[in-house]
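Below: one structure, written as structure tokens.
Predicted model only: the values in this text are computed from it and were never measured.
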Amino acid sequence: MELLQKNRCFEGEQRIYQLPSTFLKGTSRVGVYLPPQALEGQACATLFYLAGLTCTEETFAIKAHAQRLAAQLGLILITPDTSPRGENVAQGDHWDLGQGAGFYINATQEPWAEHYQMESYLMEELYPAILQHFPVQAGHVGIFGHSMGGHGALTLAFKYPEKFRSVSAFAPICAASACAWGEKAFSHYLGHDRAEWAQHDAVQLVLNKGALFPEILIDQGLDDQFYVQLQPEQLQQACHQVGQKLILRQHAGYDHGYYFIQSFIDDHLQFHAAQLG
């Protein structure tokens, strides 16, 4: 991992790294916040945060205002990019497809399959690299995300429960195979077999896998301009059906953006700190 940038922040350091990826066939950037405890060599609980459409590895670090409490709680924060990048990487016709819109899955269709292997990159390359290079407390890793990244956090948590001990989300795409964003992305990346789509749908994974976590926290703004895409009630119903405890908090007046995330980020960090011990 090549260090590109570091900045002092609440006695810790906000860093940007670049690392080569076999799955993405190029390099990818990742943000890493190291709290002061980690800089001193103490093993720390660690959170992966997956950002939403159009975002990069820097978006959360700049906009969420999470570092202050992460420093107090001793949490390492990992913020991957949202897709492969580069001149040779396929691009879509709009902001909800292609670069900046990887959906955290492995594409099987051309021209996407060559580079859009985000699931394998995250789980088989980035995850072990983080454990290798930083003082991560073994078995104390959680995941959360926003919008498309909330979809990614929920689906990866249920696919890889051995890697993640806690999961939460802000305004996640809960039923990606049954909304316009997901249908567009999945039809391009995966083809038209809806059985394949279901393997990347949080609602379907909950129904298939059952209760895997002590509880899940989701915050949703009721003035969210993309609410029709998100369908939190479907996830709530699925969790109830299989006995998975879900805390779904709905907030009047809040939209889909980072002011919403700022307002409740402390609750999520404290939630994960309690879950991760």
For Phe186 and His151, take the angle between the two ring planes, folded into 0 to 90°, and tell me which bin it lands in: parallel under 30, tilted 30 to 60, perpendicular over 60.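 Plane angle between 30° and 60°, so tilted.
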Aromatic rings His256 and His146: how do their planes relate, parallel, tilted or perpendicular, breaks at 30° and 60°? tilted
Flag side-chain contact, heavy atom, 4.5 Å: [X] against [Y]:
X      : Y      : value
Gln250 : Pro232 : yes
Lys184 : His188 : yes
Glu119 : Tyr160 : yes
Tyr254 : Asp223 : no
Tyr116 : Pro84  : yes
Leu50  : Leu122 : yes

Value rounded to 0.5 Å, distance of OG1 in Thr46 from CZ in Phe164: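 If we round to the nearest 0.5 Å, Thr46:OG1 and Phe164:CZ are 11.0 Å apart.
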Rounding to 0.5 Å, atoms CZ (Phe170) and CG (Leu230) come to a distance of 14.0 Å
I'd like to know whether the aromatic ring centres of [X] and [Y] sit less than 6.0 Å apart in this structure.
X      : Y      : answer
Phe48  : Tyr127 : yes
Tyr17  : His133 : no
His272 : Phe144 : yes
His200 : Tyr189 : no
Tyr49  : Tyr33  : no

Report yes or no: do Asn106 and Ser120 form a side-chain donor-acceptor pair below 3.5 Å? yes
Tell me the closest heavy-atom pair linking Pro172 and Leu154, and the distance in Å. CB-CD1, 3.8 Å
Closest non-hydrogen contact found for Arg194 with Ser177 is NH1-O, 3.1 Å
Let me check something: any side-chain donor-acceptor pairs from residues 57-64 under 3.5 Å, sequence neighbours excluded? List them with distances.
from  : atom 1 : to    : atom 2 : distance (Å)
Thr59 : OG1    : Thr56 : N      : 3.0
Thr59 : OG1    : Thr56 : O      : 3.4

My understanding is that only residues two or more places apart in sequence, or in another chain, count here; which of them pass side-chain contact (heavy atoms from CB on, under 4.5 Å) with Asp255?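 Scan of Asp255 (side-chain contact (heavy atoms from CB on, under 4.5 Å), adjacent residues dropped) gives Gln225, Phe260.
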Could you walk me through whether Asp219 and His268 pass the side-chain hydrogen bond (donor to acceptor under 3.5 Å, both in side chains) check? CA-CA 9 Å; Asp219 279 298; His268 283 251; 2.6 Å; yes
